[in-house]
Amino acid sequence: MTRADLGRALDWAAEEGWNPGLEDLEVFHATDPSGFFCAELGGKMAAAISVVNHSPTLAFLGLYLCAPAYRGQGIAHALWLHALRHAGDRTVGLDGVPAQQENYRKSGFVLAGQTRRYAGRLHAGHGKGVTSASAADHPLLMELERRACGYAKPAFCAAWLEPAQSRYTLVHRINGAPDGFLTLRRCREGWKIGPLCAPDLQVASTLLEAAAQHTEDEPVMIDLPQGSAPLAAHCLEMGLEQMFHTARMYRGPAPLPGPGLHAVATLELG
């Protein structure tokens, strides 16, 4: 894909209700410029997919889309097979709709758990001990995220943590040192939180209180893996509703999430 193609794919994602962030394009593309693919017929984009290589051992698949006029013709599946070659012998992860699990299994993917989206309005609080992230914080925040999800995303995280017009990273500190953080980004509708990394529910709750000072009365979405059940329960207590879930699957050895609570950075790049 070109950048323009990726922009078109993100527009398709918005039409499907995936609600991408306003400034996702540049970060996504910078993570692995060779990891985005499209199929064209007659000069028109028919299907899209990303297989982004995060590290020498792990890639993540997303943005698997096909224009309605080209569905059922094998075009998207051929693109799927082509794009997966980009990952080489890396483990490949994905967050897919449950209805497609059987198709993903045919390509060697194995179910590892579920990711559930919660949405609603946050309640602002004091957010005690929370400040904006600085450039000096970034290496430790990237390490916290790596431990939480079980795999490194160095290029993605380096770009994602950079402040932008519609993306903010908030850090919880204890004795001046970061022990948890979240990134908040404005989307085409409302806001999304991801990643969120916290050692316990108290820190996670404080980070969400601080995030609410930015989101005010707008809707917020957060994607939580099964291992963050206490945070999911807290979201429900705050009045957020569970919207849908995806199947987290891997082709190859699945990474092992670390302790603590976390939210997925994006369903497209993991």
Side-chain angles (χ1 to χ4, degrees), residues 1-41 44-55 58-88 90-101 103-104 107 109 115 117 149 151 153 155-157 159-160 166-167 183 185-189 192 194-195 221 223 243-251 263-270:
M1 287 190 193
T2 64
R3 276 187 171 84
D5 292 331
L6 179 54
R8 192 171 299 111
L10 290 171
D11 288 341
W12 285 4
E15 292 168 7
E16 293 292 325
W18 296 4
N19 194 24
L22 299 183
E23 296 181 87
D24 284 358
L25 189 154
E26 291 301 323
V27 175
F28 283 15
H29 192 267
T31 299
D32 179 6
S34 300
F36 297 87
F37 305 87
C38 60
E40 293 182 343
L41 284 178
K44 294 183 179 180
M45 192 164 79
I49 194 170
S50 60
V51 177
V52 170
N53 292 339
H54 283 305
S55 75
L58 191 129
F60 207 87
L61 185 154
L63 287 176
Y64 186 41
L65 296 152
C66 187
Y70 299 104
R71 292 173 185 171
Q73 301 176 39
I75 297 167
H77 181 62
L79 181 64
W80 164 284
L81 296 175
H82 172 78
L84 275 172
R85 290 200 290 269
H86 179 65
R90 293 171 176 85
T91 288
V92 183
L94 61 80
D95 271 302
V97 294
Q100 294 296 323
Q101 277 188 53
N103 288 330
Y104 300 147
S107 291
F109 286 85
T115 302
R117 172 163 294 177
C149 67
Y151 54 92
K153 303 190 285 286
F156 170 80
C157 287
W160 200 246
S166 63
R167 192 174 60 248
T183 296
R185 79 192 197 274
R186 183 178 286 280
C187 296
R188 301 195 186 193
E189 296 181 11
K192 286 182 183 176
M221 287 138 276
D223 298 315
M243 304 303 292
F244 62 82
H245 71 272
T246 61
R248 172 58 69 96
M249 305 180 78
Y250 292 99
R251 188 186 73 171
V264 176
T266 80
L267 296 183
E268 294 81 18
L269 269 71

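Predicted, not measured: the structure shown is a model, and the values here were computed from it.
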*For the atom pair NZ (Lys192) and OG1 (Thr183), what is the distance rounded to the nearest 0.5 Å?*
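Going from the NZ atom of Lys192 to the OG1 atom of Thr183 covers 14.0 Å.
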_Pairwise distance CE(Met249) to OG1(Thr115) - rounded to 0.5 angstrom_ =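 Between Met249 CE and Thr115 OG1, I get 12.0 Å after rounding to 0.5 Å.
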*asked:* Could you check whether any side-chain heavy atom of Arg251 comes within less than 4.5 Å of a side-chain heavy atom of Leu84, counting everything from C-beta outward?
replied: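 Of all side-chain heavy-atom pairs linking Leu84 with Arg251, at least one is under 4.5 Å.
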*If we only count heavy atoms from C-beta on, is the Phe60 to Leu267 side-chain gap below 4.5 Å?*
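No, side chains not in contact.
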Would you please classify the geometry between the [Y] ring and the [X] ring as parallel, tilted or perpendicular, with 30° and 60° separating the classes?
X: Tyr250; Y: Tyr151; answer: perpendicular
X: His29; Y: Phe36; answer: parallel
X: Tyr104; Y: Trp80; answer: parallel

_Using the rule given for side-chain contact (heavy atoms from CB on, under 4.5 Å), can you reason through Asp24 versus Trp160, listing the C-alpha separation, both sets of side-chain angles and the distance that settles it, and then say yes or no?_
CA-CA 9 Å; Asp24 284 358; Trp160 200 246; 3.6 Å; yes
*Between Arg90 (side chain) and Ser55 (backbone), is there a donor-acceptor pair under 3.5 Å?*
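Yes, Arg90 side chain to Ser55 backbone: donor-acceptor pair under 3.5 Å.
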*Heavy-atom closest pair, residues Leu22 and Ser166*: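 For Leu22 and Ser166, the tightest heavy-atom pair comes out as CB-OG, 3.9 Å.
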*Salt-bridge test for Asp11 and Arg188: reply yes if a basic N is under 4.0 Å from a carboxylate O, no otherwise.*
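Judged by the 4.0 Å cut-off on N to carboxylate O distance, Asp11 and Arg188 do form a salt bridge.
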*Using 4.0 Å as the upper bound for N to carboxylate O, is an ion pair formed by Glu26 and Arg3?*
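Result for this pair is yes, salt bridge flagged.
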_CD (Glu40) with more than 12 external heavy atoms under 6.0 Å_ =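 Buried by this count: over 12 neighbours within 6.0 Å.
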